[in-house]
Amino acid sequence: MAENVDKIRSSELENLIARYQKSYYDGEGEISDADFDRLWDELKRLDPDNAVLHRVGADSGNFDKVRHIMPMGSQEKAADPQQFLAWADKHRYDQYLVEYKLDGASLELQYEGGHLVRAVTRGDGTVGDDITANARKMRGVAHSILKDGALVPFTGGIRGEVIMTHSVHKEHFPDKANCRNAANGIMKRKDGQGSEYLTLIVYDALSTDGRTFFTNEEEKIRWLMDCGFNTVRLVICKSADRVIAYRAKVMEERRSLEYDIDGLVIKERTINLEDASRARPDRQIAFKFSLEEEVSTLREVEWSQSGATYTPVAIFDEVELNGTKVRRASLANPDTMRKLGVRIGSHVVVVKRGEIIPKIESVIEEKGIATSEIDFPHHCETCGAALVDEGSRLYCPNKSCPKRVLHQLYKFQQVVDIRDLGETLIASLFSDGRLKSISDIYSLSVDDLVPYFLNEESMEAEKKSLGAQKVYNSIQSHRKMKLATFVAGFDIEGIGETSAQKLVDAGFSTLDGLLSASADQISGVYGFADIMARTIVEGLSENAGEMRALVDSGIIQLESEAGGILAGKSFCFTGELRTMKRSEAEQRVRQCGGSIKSSVTKDLTYLVTNDKESGSSKNLKAQKFAVPVIDEDEFLALLEG
């Protein structure tokens, strides 16, 4: 079934890609490059041999057709540093030649004896449209190749990109969506009108009559420049890491360029004609920019305290990531900051690749930039205790720290879902010294709560408080719970309800079993790294006494993990529900012995959605993995047994 789903999706992607390629080459692009790349990458994953991945889009039928001199295929691409490093690991060059990837329309100039005879669009990679009359009007197109005033007898092809500058777009074509679409459409106008506003920037050349004008890629660019062509900028990097650093620098500089670029092209110094003749060359790659990353300047670092942990948060000049304006990003922990080498004033790369919270990915190395050290807090702002810097986290070690205790009380109320005991009431009870621990929640009587609902006059009149009674009843009705819920309520670093359930499912299904687990045993569970495992063990040990006291006294009753009508079944929810909030639905699953997953995996039992026909990523994954998709009514029927 999964194979059939892949075939259906591959067919859909093939048709979409062909359609968008045609609209792009006809000068009326319908979607952004980023959206097109997502479709391309998905098809490449599902069907890497699909023919559409190995051909280029076609031009319109308005011009005579001409065969190219130079191969004009498409390039392999990397969307992020990880993908580029994977490519570079297989292509180890002494030097990487790096050029701007121009965001325009490809054009080949064909010369005979130094004189321009044809200008041909990219077309299908082999044959394109003859737009010579239009090209002769463009800036940067040499009608004859001259060097030092003398004719250069070059016969062959010169390839470049037709671009529209930002100033031309703003002054003459503000009605066009962007410079690339404008250039693509104007260069193919039958009447040639507007071609004089376009500019050609070249980056490749191939002699076909046996004469040699250059011996490597660097010399090629120098020769083109000496012949008076506008050439693409070339930089030489000595390592793959330097390429990544240069890309980050260009991401910042591109705002000041007069034309659009959408990435870098990385190649070797040697001219490799055999590789260049392939439909998709292997020895070079397009290292693209992404809508999900930007460059900004770090202005300050705030330290957000959540429970015991102090988390660094970067504040930087506002940037736009994938349509969202952001100026804050996580710096994770002290070790991450030190590894990045980040300082106040640093130019940083901010990313948001599918994450909810942006993060700082790297720092651009630049000389002459005024920066200063980031101040680390050394003492807890609440209790004054010296903070512990473990590298992976900075935290207050004082278990009795008022802020830690209050945060733990909030967390327990949220996880166990004692709704009537709200944060405002908890804060008041804590301030008055009535709540000092989780155990104190269950020792509250109605009389203890009455003063928080009635004034002195009402109490003297012996009026009963319905609010106090309601809170008391709510607390008492939440004494029976699953082990994962109980443990997650103690606000231990690195262990929420989902991760706690993973440990339970891995065999730590009793409180004693969990409390006696070693860091090595926990790190052996999928998804738990060594540092996280050690932090969890320390947190469990710190709270073990109160946990055991609550359970041994019978105040808390832990439910058997084996029971429940949904035992052994896992659920993932997507979209809105009609009869309840998603959190309520997830709670009911857990109460019935089931488990919750945040994403669709091969071992998921059910995906619950009221829109089964949606093209969402979760629905598509469910189809791929043959996971049953049920609606809300079917889900409620399962709850009823």
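Only this structure's heavy atoms are used, side chains among them; waters, hydrogens and symmetry mates stay out. The first residue in the sequence is number 1, and the count goes up from there. None of the values given here were measured: they were computed from a predicted structure.
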- [ ] Test Thr215 against every option in Glu218, Glu217, Glu219 by the side-chain hydrogen bond (donor to acceptor under 3.5 Å, both in side chains) rule and name the one that passes.
- [x] Glu219

Open item on the list: Given Asp260, which partner from the list His169, His166, Arg254 fulfils the side-chain hydrogen bond (donor to acceptor under 3.5 Å, both in side chains) test?
Closed with: His166

Open item on the list: Working to the nearest 0.5 angstrom, can you tell me the gap between Lys359 NZ and Leu331 CG?
Closed with: 11.0 Å

Task: Interatomic spacing from CZ in Phe289 to CG in Asp103 - rounded to 0.5 Å - done: 10.5 Å

- [ ] Tell me, with the steps shown, if Ser207 and Asp209 meet side-chain hydrogen bond (donor to acceptor under 3.5 Å, both in side chains).
- [x] CA-CA 6 Å; Ser207 173; Asp209 63 356; 3.1 Å; yes

Using side-chain heavy atoms (C-beta onward) and a distance below 4.5 Å, is [X] in contact with [Y]?
X	Y	value
Met337	Leu340	no
Glu294	Glu320	no
Met187	Asn134	no
Ser106	Met72	yes
Leu321	Val326	yes
Ile244	Leu85	yes
Ile364	Val348	no
Asn619	Leu607	yes

For a quick test of your reading: what N or O donor-acceptor pairs under 3.5 Å do the side chains of residues 135-154 make, sequence neighbours left out?
residue, atom, partner, partner atom, Å
Arg136, NH2, Leu116, O, 3.0
Lys137, NZ, Gly192, O, 3.4
Arg139, NE, Glu196, O, 3.4
His143, NE2, Arg136, O, 2.9
Ser144, OG, His115, ND1, 2.9

- [ ] Could you tell me which residues satisfy side chain to side chain donor-acceptor pair (under 3.5 Å) with Ser372, sequence neighbours excluded, listed by chain and number?
- [x] none

Task: side chain to side chain donor-acceptor pair (under 3.5 Å) involving Ser617 - partner list, sequence neighbours excluded - done: none

Open item on the list: Tell me whether the NZ or CZ atom of Arg247 lies within the 45° cone about the ring axis of Phe287 and under 6.0 Å from its centre.
Closed with: yes

- [ ] Assess whether atom CD of Glu318 is packed by more than 12 heavy atoms of other residues, nucleotides or ligands within 6.0 Å.
- [x] yes

Task: Crowding at CD, Glu274 (>12 non-hydrogen neighbours, <6.0 Å) - done: no

Open item on the list: Walk me through whether Glu12 and Arg9 qualify under salt bridge (charged side-chain N to carboxylate O under 4.0 Å, His left out).
Closed with: CA-CA 5 Å; Glu12 292 175 350; Arg9 180 58 178 165; 3.2 Å; yes

- [ ] List the atom of Glu76, the atom of Arg280, and the distance in Å for their closest heavy-atom pair.
- [x] OE1-NE, 3.6 Å

Open item on the list: Please find the pair of heavy atoms, one from Phe625 and one from Thr601, that lie closest to each other, and give the distance.
Closed with: CD1-C, 3.8 Å

Task: Set of residues satisfying side chain to side chain contact (heavy atoms under 4.5 Å, CB included) with respect to Thr311, sequence neighbours excluded - done: Thr309

Open item on the list: So, using side chain to side chain contact (heavy atoms under 4.5 Å, CB included) as the criterion, who are the partners of Arg67 when residues are at least two apart?
Closed with: Thr126, Val127

TODO: Give a yes or no on whether a salt bridge exists between Glu99 and Lys267, defined as a side-chain N under 4.0 angstrom from a carboxylate O.
DONE: yes

Open item on the list: Under a 4.0 Å threshold between the charged nitrogen and the carboxylate oxygen, would Glu108 count as salt-bridged to Arg118?
Closed with: no

- [ ] Begin from the C-alpha positions of Asp130 and Lys65 and carry the test salt bridge (charged side-chain N to carboxylate O under 4.0 Å, His left out) through to its verdict.
- [x] CA-CA 6 Å; Asp130 183 347; Lys65 302 301 177 183; over 6 Å; no

TODO: Run the numbers on Lys249 and Glu252 for salt bridge (charged side-chain N to carboxylate O under 4.0 Å, His left out), then give the verdict.
DONE: CA-CA 5 Å; Lys249 188 172 185 293; Glu252 182 179 22; over 6 Å; no

Tabulate below the donor-acceptor pairs under 3.5 Å that side-chain atoms of residues 224-238 make, not counting sequence neighbours, or state none.
residue, atom, partner, partner atom, Å
Asn230, ND2, Leu200, O, 3.2
Arg233, NH1, Tyr100, OH, 3.0

Open item on the list: Could you tell me if Arg269 and Tyr93 have a donor-acceptor pair between their side chains, going purely by distance under 3.5 Å?
Closed with: no

- [ ] Carefully, step by step, assess Gln284 and Glu268 under the rule side-chain hydrogen bond (donor to acceptor under 3.5 Å, both in side chains).
- [x] CA-CA 7 Å; Gln284 59 180 264; Glu268 59 185 325; over 6 Å; no

TODO: Test salt bridge (charged side-chain N to carboxylate O under 4.0 Å, His left out) on Asp317 and Arg299 and set out the steps.
DONE: CA-CA 7 Å; Asp317 293 339; Arg299 297 304 179 186; 2.8 Å; yes

